[in-house]
Structure formats: structure tokens, C-alpha cells
Amino acid sequence: MERSRIVVAGASGLIGGALVRSLAADGHEVVRLVRREPRGADEVRWDPERQRVDTAGLVGCDAVVNLAGAGIGDRRWTPEYKRLIRDSRVLGTAALAEAVAALDTPPRVFVNGSAMGFYGDTGDRAVDEDAPPGDGFLPSVCVEWEEAAHPAAEAGVRTAYARTGLVVARGGGAWGRLFPLFRAGLGGRLGDGRQFWSYIALHDEVAAIRHLIDHDGLSGPFNLTAPEPLTNREVTEAMARVLHRPALFPVPAAVLRTVLGELAGDVLGSQRVVPRRLLESGFTFAFPGIDEAIRAAR
């Protein structure tokens, strides 16, 4: 890929930060959207909740990647926090998509974040990108999140939706909380451990997003998950095996519901999501297996 000017929203997050570092290391010009006053030419002001974007800062960009949104597992799901989870994604995406559509020369691609939460609880059933949305809070957020990007697609900008799974990383996200527990010998399965977890190594997540940026024929939804989802019990065993620690402390479902509230339903739910379209597009995973994904993260 030739040197490009790429705008990234959510650049301070786990995935966004890794993406920015990867792009910059390869010589691309990266412009980060920030909520404060910009401190340099590589920053552009935006206010996602008020749906404001400094469109002058988007002029000349080749790609826009939107990864902004409040953390799903950062807090207990009070009504106020659920509203923040939804608004931080839907309003910000709408503002950015409309700004992209309004440019005289729009970027060639808009990659919008989404999540495997789109599918809801799939039980033991494997689902790909053709599956309909599930029921519940997260599926409804994902549907609105993706729909908010439609102005960009309607303006002729190639638009891809990155339905990301559980990112195996040490520095943040759900897995960032697991590593310290397992290193301390306090890890264990969650509930009965039979629920499927669809994971992806952080390296592969970034590579997949760059794959969506680089390949002109790719639009619509793409599941960013490793090819073989595993149960929580299998993931727990892999963490113990790779980190050389016991996994003796299972967390009962009742305790999770007490501690996490409504979020526990998603922790205990099963999502067996496969990346059919990503694989068909020629993408190759560097860390497809759980042991190697954990090793890459530790």
C-alpha cells in the first residue's frame, strides 16, 4: 500500500492505539480525532456526542477508521451507562459518516467498528456474516451502530463493518483483566464454561482492519474473529497451560450476576462466530490458535 493519509477515531483505545502504531511504523500519515483542542497537525477536533467534526481536517484523507465507543465492560450497566455505550457509538458514527459524505473528495474507504455482539447468544450454532442480528441490548446497539454509517455508503464511499470478537491482549479489554488473575493463580472458568468465546489476537485484529482498508473490493460486514471459536472452559485451560498457572477458581454464574448485573448475561452467553468473509477475501491469520494468541499477548 502506498503512503496514505488515514484518519482514526478511537485512537486512544486498545485497538485504535495498536492500529495507529502499525500504520505509522509503515510510513503512513495518521490523523487522530480528539475531543480536546488539537496539539498538532496530526490531530483533528471532534465532539461525537454533539455530532460535530472539523471537516477541514478530513480533507485529503484516503481512509477513515472509526473505532470510538465507551468500553462495554468498563462499568456496571446502569441505564446511564447503557445510554453512553449506545450514544458514543451511534452518534459518533453518524457524525463521522455525514462528514465523510459531505467532502468534495471523500476518502476511498470508511471502516466502521462493530462487534460480534451483533449476533447475540448463538448457543452451539456457528454463525457467519449472513446471520441476522440477535435479541437484546448489544445486538440493538450494533444494528444502530452500523446503520449510522449509511450516509458514507450512500455517498459512494466503500464502507466495511468490523464485527470484532474478544481481543486477546495484555493491555486492555476483557482479556487485559484475565491476565493478572491467571498470573496470580486465581483464574478459572466462568459459569459452566460451555459458552463459546470467539477471540482474535490483537496483531490479527490490526492486520484485518488494514486488510479492509487496503483491498478495494471489500465492503459490508466482516467478522474479525479467529477461525475456530472455543468454549470458555477451553480458553481457561489454554490460559493456565500457556502461563503455567493453575486454574482452580471457577466463578459461579450467580456470583457473576451479582457482581456484573445485566452484563453477566453477555459474559455467560455463547457466541460461536466465524470469519467466513474475511477468509474468503484472502486474509491469513498470524495467530489462529488460542495458545499462540495468548503467547503473542503475554
Side-chain angles (χ1 to χ4, degrees), residues 1 6 8 10 15-16 18-19 22-23 62-67 69 89 93 97 100 107-134 138-168 173 196-230 269-290 292-293:
M1 179 180 175
I6 301 172
V8 179
I15 300 170
L19 176 65
S22 174
L23 291 168
D62 300 289
V64 174
V65 181
N66 178 28
L67 302 171
R89 287 163 172 76
T93 296
V100 163
R108 58 183 180 78
V109 59
F110 181 38
V111 177
N112 196 57
S114 187
M116 70 174 182
F118 178 93
Y119 305 104
D121 191 332
T122 73
D124 292 338
R125 176 174 53 94
V127 298
D128 62 21
E129 293 85 353
D130 289 337
L138 286 182
S140 68
V141 168
C142 290
V143 169
E144 286 191 84
W145 194 3
E146 294 183 10
E147 288 178 346
H150 286 182
E154 290 166 357
V157 178
R158 179 170 64 84
T159 303
Y161 308 100
R163 293 177 180 168
T164 296
L166 293 167
V167 179
V168 186
F196 276 90
W197 277 21
S198 297
Y199 65 90
I200 184 169
L202 179 59
H203 173 96
D204 286 331
E205 171 76 12
V206 169
I209 293 172
R210 294 192 57 171
H211 182 78
L212 296 179
I213 294 172
D214 293 348
H215 291 78
D216 288 339
L218 305 184
S219 62
F222 289 84
N223 294 334
L224 271 55
T225 59
E228 296 291 339
L230 299 175
S270 183
Q271 293 194 296
R272 192 174 185 178
V273 179
V274 295
R276 177 182 60 82
R277 296 195 68 217
L278 192 62
L279 291 172
E280 289 177 352
S281 72
F283 181 77
T284 301
F285 285 84
F287 304 102
I290 188 62
E292 50 199 325

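These numbers come from the heavy atoms of this one structure, side chains and all, not from hydrogens, waters or symmetry mates.
Scanning all heavy atoms of the two residues, the minimum distance from Ala293 to Tyr199 falls at CB-CE1, 4.3 Å. For the pair Ala115 and Cys142, the tightest heavy-atom approach, listed with the atom from each and the gap, is O-SG, 3.8 Å. Closest of all the heavy-atom pairs between Gly123 and Phe196 is O-CD1, 3.8 Å. In terms of heavy atoms, Phe110 sits closest to Ala97 at CE2-CB, 3.9 Å. A pairwise comparison of heavy atoms in Ala226 and Pro275 identifies O-CD, 3.7 Å as the closest pair. The two atoms that bring Glu129 and Asn223 nearest to each other are OE2-N, 2.8 Å, heavy atoms only.
Side chains of Phe118 and Val273 form no contact here, defined as non-hydrogen atoms less than 4.5 Å apart. Two residues are said to be in side-chain contact when any heavy atoms from C-beta on lie closer than 4.5 Å; Arg108 and Ile213 meet this criterion. Looking at Leu230 and Trp197, their side chains never come closer than 4.5 Å, going by heavy atoms from C-beta outward. Within the 4.5 Å cutoff, side-chain heavy atoms of Pro229 are placed close to those of Val274. Counting heavy atoms from C-beta outward, Leu212 and Phe283 have side chains that stay 4.5 Å or more apart.
If you run side chain to side chain contact (heavy atoms under 4.5 Å, CB included) between Ile15 and each of Ile200, Val8, Val65, Leu67, only Leu67 comes through.
Listed by chain and residue number, Glu146 satisfy the salt bridge (charged side-chain N to carboxylate O under 4.0 Å, His left out) test with Arg163 (two or more places apart in sequence, or in another chain). In this structure, Thr159 has no side chain to side chain donor-acceptor pair (under 3.5 Å) partners at least two apart in sequence or on a different chain. Remark: Ala155 engages Ala101 in a side chain to side chain contact (heavy atoms under 4.5 Å, CB included) (not counting sequence neighbours). Shown here are the salt bridge (charged side-chain N to carboxylate O under 4.0 Å, His left out) partners of Glu147, two or more places apart in sequence or in another chain: there are none. For the side chain to side chain donor-acceptor pair (under 3.5 Å) test, residues two or more places apart in sequence or in another chain that qualify with Asn66 are Thr93, Asn112. Taking Ser22 as the reference, Arg210 meet the side chain to side chain donor-acceptor pair (under 3.5 Å) condition, with sequence neighbours excluded. Evaluation of the side chain to side chain contact (heavy atoms under 4.5 Å, CB included) rule for Ala18 yields Arg21, Leu202, Val206 as partners, not counting sequence neighbours. Under the salt bridge (charged side-chain N to carboxylate O under 4.0 Å, His left out) criterion, Asp124 pairs with no residue at all, not counting sequence neighbours. Qualifying side chain to side chain donor-acceptor pair (under 3.5 Å) partners for Glu228, counting only residues two or more places apart in sequence or in other chains: none. Scanning for salt bridge (charged side-chain N to carboxylate O under 4.0 Å, His left out) contacts around Glu154 gives an empty result, with sequence neighbours left out. For Ser219, the side chain to side chain contact (heavy atoms under 4.5 Å, CB included) criterion is met by Arg158, not counting sequence neighbours.
If you take CH2 on Trp145 and CG on Leu138, they are separated by 9.5 Å, rounding to the nearest 0.5 Å.
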Report task. Might you work through the side chain to side chain contact (heavy atoms under 4.5 Å, CB included) test for Glu205 and Leu19, ending with a clear yes or no? Result -> CA-CA 9 Å; Glu205 171 76 12; Leu19 176 65; over 6 Å; no
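For residues 274-287, the pairs satisfying side-chain hydrogen bond (donor to acceptor under 3.5 Å, both in side chains) are Asp128-Arg276, Asp130-Arg276, His211-Ser281, Arg276-Glu280, with sequence neighbours left out.
Judged purely by atom type and a 3.5 angstrom limit, Asp204 uses its side chain to pair as donor or acceptor with the backbone of Ala286. The backbone N or O of Leu224 sits nowhere less than 3.5 Å from a side-chain atom of Thr164 that would complete a donor-acceptor pair. Using modelled atom types, no side-chain atom of Tyr119 and backbone atom of Gln271 make a donor-acceptor pair closer than 3.5 Å.
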